[in-house]
There are 4 protein chains.
Amino acid sequence: MAKTLGLRKNPLKDEREQAFKQAALKLFSTKGYHKTTMAEVALEAGFGKGTLYWYWKSKEELYFALVEESHNEFVDLVRRAAEMEGTALEKLAWLGKETVELHYRERDYTKLSWKMRAEELETFSPEYVERMHENNAEIKRELQRIIEQGIEEGTLPPADPYYLACMLLGLVEGMEIQWLEDPEAFDLRKAMEMVLSLGAKVAGQRWSD
Amino acid sequence: MAKTLGLRKNPLKDEREQAFKQAALKLFSTKGYHKTTMAEVALEAGFGKGTLYWYWKSKEELYFALVEESHNEFVDLVRRAAEMEGTALEKLAWLGKETVELHYRERDYTKLSWKMRAEELETFSPEYVERMHENNAEIKRELQRIIEQGIEEGTLPPADPYYLACMLLGLVEGMEIQWLEDPEAFDLRKAMEMVLSLGAKVAGQRWSD
Amino acid sequence: MAKTLGLRKNPLKDEREQAFKQAALKLFSTKGYHKTTMAEVALEAGFGKGTLYWYWKSKEELYFALVEESHNEFVDLVRRAAEMEGTALEKLAWLGKETVELHYRERDYTKLSWKMRAEELETFSPEYVERMHENNAEIKRELQRIIEQGIEEGTLPPADPYYLACMLLGLVEGMEIQWLEDPEAFDLRKAMEMVLSLGAKVAGQRWSD
Amino acid sequence: MAKTLGLRKNPLKDEREQAFKQAALKLFSTKGYHKTTMAEVALEAGFGKGTLYWYWKSKEELYFALVEESHNEFVDLVRRAAEMEGTALEKLAWLGKETVELHYRERDYTKLSWKMRAEELETFSPEYVERMHENNAEIKRELQRIIEQGIEEGTLPPADPYYLACMLLGLVEGMEIQWLEDPEAFDLRKAMEMVLSLGAKVAGQRWSD
DNA sequence: AATGAATGAGCATTCATTCAT
DNA sequence: TATGAATGAATGCTCATTCAT
């Protein structure tokens, strides 16, 4: 009996927003932030230039809305890995596989996120940069928790867990670069499997001595 | 007593070129490609804007001249590692240490090079991109040679050497990122030492089974 | 008990119109024509942006509706002064006092009107500009009638009455400017009293010689 | 024998700057600040749009450069009047005449300055607004000095000199408006003569009683 | 009748590059 | 040879106005 009238406009709005986001994602991930113009995004989305500014108040905001979405998915993954049941190695294996799947599923997001990392951060407002850094720190913290567990379990070497987290993250990110630059030659899925199987093999050895 | 002035203007010319390159390196590595203007480079170098164009025909060319210089140093390092005497592990250890030293010595170059990696390559002229890719491929090839030697020697796991090269390169590049983003918290030298020591420990095990 | 709703929507309509006008007056007089947006006016009035266009067909029209209202009040005052009983000096004294009271009562209107005077009239549609000029001319005509009376009565100098009207108007407008720019330092009421008392003192002398 | 080479470029630069200023003056005084575009100014001056920014760093700065030039001329006039030899009445007469001549000579400047007065000051950076106010205050201060002298000499009524200054300034500014709005019907020269002759007539009377 | 999402012309400003001197 | 003044294409963003709902 109660009308849902107030809600009815949202689907349309959401659709539009999605169209813009898709267009922006495509362009930003292909051409990068600087070379993508708002006019192009609007054109690609099939709307007027001004309409973009109804949804985001600036190019920067649009960009970071996408970047953050991408980051959040990964943060979420790491968090879930840290909180799941199982040994550290199991967690890492799960995380590795899920990460790869995420990247394959959302290649554009990965590219975008990646470009942002090397982007001239000086370009952006400090608030956004700050948020990015916090995100990164959070990822490392969660990773560190898993690693600390692994060291306790004796499957990971008894080294500085922060450094191990950075190195692990670095390894994965470094592989991502290779993959993004030449996806034909370097299959990220296969690479991750190799890493995990090597890791498993190595984990058996006595670290402590 | 007689001046060689009429003979060679190169000394002067080289000085200027160096001044420009230094200025450009500083600015590009600090502010990134897009946020650095030719006017700033000229100002920083202490010469006229127009003069820049006597040495490089465009901003792009100036940028890539620097990037390439940086790359060449690394390519050179990898090549020398591949050609030196010793076991694969020794070569990798040497390469790792030298790489780190290179980065510390030329932090600006590293930063520049790194920014360029994720930079909107698609937006640069294909000729430059092509050259970058070729450079990268060369690095991987040399790395692969070392790795193949290691597999033969039994100190590296008997896996696809191209993938191992990519992974190794990825690891180092990934660590570089961590270092560049927070040099206080992540000491690249220490990290490299950890990697090498872990590698050495692990290398002893029987891979083949 | 029976609602008159079906009969007249005007009460509602008028309310809205008043709300819009009030909002517009406040904003235009504070921020000026160019810096005030239709969106702000609508927001301030508490109605939708589109609704504004039901009452006025353009920003310009809204603006001039207000300006004209303000002008009309003054025209009305001058007209009443010209038509009242009494000597020219009495009329001018009454007009001077009433004008000041009007300005104090409707400071926003005065400000608005004043801004419009120097506003880039050339940029408004000719129809509006024409109307403004006609208004001004009317004011001068009425003023001139009073002045002619004064000259006949011998209390005003026997000079070109049109010029005297312009000068009188100029004096008052000039004082308005001083007042608007710094109402603390320049009290318009006090100033007008000074003018009138000086005028009275001076009026006694023999003009004709 | 010494070359004046270093100076030789200035004439050219100055020429260019003059051309821009002339174009800007014409447009600003005709169409006002908001409706004049930088592109128009450049076009009118016969140069490229970007060149404007070589001489002034913003539209605002260009505008105030002109406004200030205009103001300075008038400030200078008032200052010279205050400092010349003679009675207050002589000073005011001289000032009145010179002011009128200035306006006739530089009608565009007068228009510009005038428009600026009513312009939405909120539009401009506080530094400029501040400067304008200071200018105005200075004018009133000098005027006040002359008036104080006149009161002492008994030729001006013994009233608050600040108010008299404001009123005098108001009168002249008010007349300027009349003139600018309809120069055919209201001849500023004639009007000023009338004011001065009336003033002279009136000045003879005994103010004090 | 009322709305607010959509539009796109319009504008200030930047900057790589050119070229007269 | 070296310069810096000149250029104009390019771009992010605003806002009066329209119109589907």
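Letters A, B, ... are given to chains in the order of the sequence lines, protein chains preceding strands, and every chain is numbered from 1.
Distance from the side chain of A:M38 is smallest for F:dG12 among the nucleotides F:dA6, F:dG12, F:dT18.
No side-chain heavy atom of B:E44 sits less than 4.5 Å from a side-chain heavy atom of B:Q22. Counting only heavy atoms from C-beta outward, the side chains of B:Y53 and B:E61 never approach each other to under 4.5 Å. Looking at heavy atoms from C-beta onward, A:H71 lies out of side-chain contact with A:R131 at the 4.5 angstrom threshold.
When the side-chain nitrogen and oxygen atoms of D:Y55 are compared with OP1 and OP2 of F:dA6, one or more of them lie within a distance under 4.0 Å. A sub-4.0 Å separation between OP1 or OP2 of F:dT1 and a side-chain N or O of B:R16 is absent.
Residue-level contact check: A:K49 touches the bases, meaning some heavy atom is under 4.0 Å from a base atom. Here B:T37 lies in heavy-atom contact (under 4.0 Å) with sugar-phosphate atoms only.
F:dA16 atom P lies 8 Å from atom CD of C:E40, rounded to whole Å. The NZ atom of D:K59 sits 14 Å away from the P atom of E:dT14 (whole-angstrom rounding). Taking atom OH of residue A:Y53 and atom P of nucleotide E:dA9, one finds them 16 Å apart after rounding to whole Å. The interatomic distance linking A:E60 (CD) with F:dC13 (P) rounds to 8 Å, in whole Å. E:dC15 atom C1' lies 15 Å from atom CG of B:L62, rounded to whole Å. In this entry the distance linking OH of C:Y33 with P of F:dC15 reads 13 Å, nearest Å. The distance from atom CD of B:E17 to atom P of F:dT1 is 14 Å, rounded to the nearest whole Å. Put simply, NZ on D:K57 is 18 Å from C1' on E:dC15, counting in whole angstrom units.
Comparing D:G46 and A:T36 by the nucleotide of DNA chain F that holds the closest heavy atom to each, the one mapping nearer the 5' end is D:G46. In this structure, B:G48 and D:F20 both approach DNA chain F, and ranking their closest nucleotides by distance from the 5' end singles out B:G48. In terms of position on DNA chain E, the residue among B:A39 and D:S58 whose nearest nucleotide sits closer to the 5' end is D:S58.
Looking only at distances, a side-chain donor or acceptor of D:K115 sits under 3.5 Å from a matching main-chain atom of D:S29. When atom types are taken as modelled, the side chain of C:S125 and the backbone of C:Y128 share no donor-acceptor pair closer than 3.5 angstrom.
Aromatic pair B:Y33/B:F124: centroids less than 6.0 angstrom apart.
Remark: DNA chain F takes part in the stems E:2-21 with F:2-21, each of 3 or more antiparallel Watson-Crick or G-U pairs, criterion distances under 3.5 Å.
Heavy-atom neighbours of D:K21 NZ from other residues, nucleotides or ligands within 6.0 Å: above the threshold of 12.
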